[in-house]
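Labels below follow one simple rule: chain letters A, B, ... track the order of the sequence lines, proteins then strands, and each chain is numbered from 1.
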Amino acid sequence: MFTIATWNINSVRLREALVARLLTEEAPDILCLQETKSPVEHIPLEAFRALGYNYFVARGQKGYNGVAILSKLPIEDAGDRDYAGLGHARHVAARLENGVTVHNFYVPAGGDIPDREQNLKFGQKLDFLTEMRDVFHADRPARAIMVGDLNIAPREDDVWNHKALLKIVSHTPVEVEHLAAAQDAGKWVDVTRKDIPQGMLYSWWSYRARDWDAADKGRRLDHIWATPDIANAGHGSRILRPVRGWQQPSDHVPVLANFDL
DNA sequence: ATGGTGGATCCTCCA
């Protein structure tokens, strides 16, 4: 059995101590980070190595984006793809010794206006999702897990108020449709919702709320999916809401799942 | 309806 976690850290250099705290308290075998906001060579690895995370695969750039995979289990670099040709570090993959491939994604947020005619970034988000669909369709993944900040809350119970968010980027029908097409193309199973089918689930709360905990205007933007051949091995999903209350937190919290593989 | 916060870097962009 191994545990995998995904967390949009919003600067791994600023929050090195928070990463170390998660690794100490939860000890996932694999931690996938997004928004590292750092060139790979400047990611602080010593504290993570000291905790047993001796394996590391990442892509980065200065100031923006960036994805990394820290692992206690041996992994090898399984490449990346520049989805939508943006030149951003938003995807990296790793392979475990048992043959499982882990994809770590950071889907573009998409700006504020949900219209590709008025907002270039929204179109780029849709194009990114369309290319995910096409890649999964052309080469159907097997024995694969895909995690990350997908920047879409697909279900009505993945947001604090479905009706109020229908025109808010991250929950518009067109985004949900594009995400569903990518999910369907790979036959991906939403492991978090397989394990927790009922009830409101959030993994992100805005920095802009006066009191994020009391207002509780959250969204489930961070996901763990698996291909059908291994999806039933996934269990014990959880979202670590208290992490949002840590000192100088990320606006996202870790999402975890176990796999009996 | 609006503005609210946070991070990195450049003198503003992105979320």
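If you take CH2 of A:Trp204 and P of B:dG7, they are 15 Å apart, rounded to a whole angstrom. Atom CZ of A:Arg13 is separated from atom P of B:dA8 by 8 Å (rounded to the nearest Å). Following rounding to the nearest Å, A:Gln34 (CD) and B:dG7 (P) show an atom-to-atom distance of 17 Å. Rounded to an integer number of Å, the gap from CD1 of A:Ile9 to P of B:dA8 is 11 Å. Note: CG (A:Asn10) to C1' (B:dT5) measures 11 Å, nearest angstrom. The nearest whole Å value for the distance from the NZ atom in A:Lys217 to the P atom in B:dG4 is 15 Å. When the C1' atom of B:dG6 is taken as reference, atom CH2 of A:Trp205 falls 17 Å away, rounded to whole Å. The separation between A:Lys167 atom NZ and B:dA1 atom P is 10 Å, rounded to whole Å.
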Summarise how protein sits on nucleotides 10-15 of chain B as a single string, 5' to 3': B when a protein heavy atom is under 4.0 Å from the base, S for sugar-phosphate-only contact, - for no contact. S--BSB
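The residues A:Lys163 and A:Glu156 are annotated as not salt-bridged, no charged nitrogen and carboxylate oxygen being separated by less than 4.0 angstrom.
Comparing the same atom, C1', in B:dA1 and in B:dT12 gives a spacing of 26 Å after rounding to whole Å. Taking atom P in both B:dC13 and B:dT9, one finds a spacing of 16 Å when rounded to whole Å. With C1' as the reference atom, B:dC14 and B:dC10 are 13 Å apart, rounded to whole Å. Across the C1' atoms, B:dG7 and B:dC11 are found 16 Å apart, a figure rounded to whole Å. Look at the P atom in both B:dT2 and B:dA15: the space between them is 23 Å, to the nearest Å.
The side chain of A:Arg15 contributes no N or O atom lying less than 4.0 Å from OP1 or OP2 of B:dG6. For the OP1/OP2 pair of B:dG7 and a distance below 4.0 Å, the side-chain nitrogens and oxygens of A:Gln248 include at least one atom meeting the criterion.
Judged as a salt bridge (charged side-chain N to carboxylate O under 4.0 Å, His left out), the pairs with a partner in residues 39-66 of chain A (not counting sequence neighbours) are, in order, A:Glu46-A:Arg49, A:Arg59-A:Asp77, A:Arg59-A:Asp80. The ring pair (Phe, Tyr, Trp, His ring centres under 6.0 Å) contacts involving residues 143-162 of chain A comprise A:His162-A:His171, where partners must be two or more places apart or lie in separate chains. Within the structure, every pair that satisfies the ring pair (Phe, Tyr, Trp, His ring centres under 6.0 Å) test and touches residues 96-149 of chain A, not counting sequence neighbours, is listed here: A:Tyr83-A:Phe105, A:Tyr83-A:Phe128, A:His91-A:His103, A:His91-A:Phe105, A:Phe136-A:Trp188.
Both A:Thr36 and A:Ser206 lie near DNA chain B, and the one whose nearest nucleotide falls closer to the 5' end is A:Ser206.
Residues meeting the side-chain contact (heavy atoms from CB on, under 4.5 Å) test with A:Tyr55, sequence neighbours left out: A:Ser71, A:Pro74, A:Ile75. Applying the side-chain contact (heavy atoms from CB on, under 4.5 Å) test to A:Asp229 and every residue at least two apart in sequence or in another chain returns A:Ala142, A:Arg143, A:Thr227.
Each of A:Asp216, A:Asp211, A:Asp251 was checked for a side-chain hydrogen bond (donor to acceptor under 3.5 Å, both in side chains) with A:Trp205, and the lone residue meeting it is A:Asp216.
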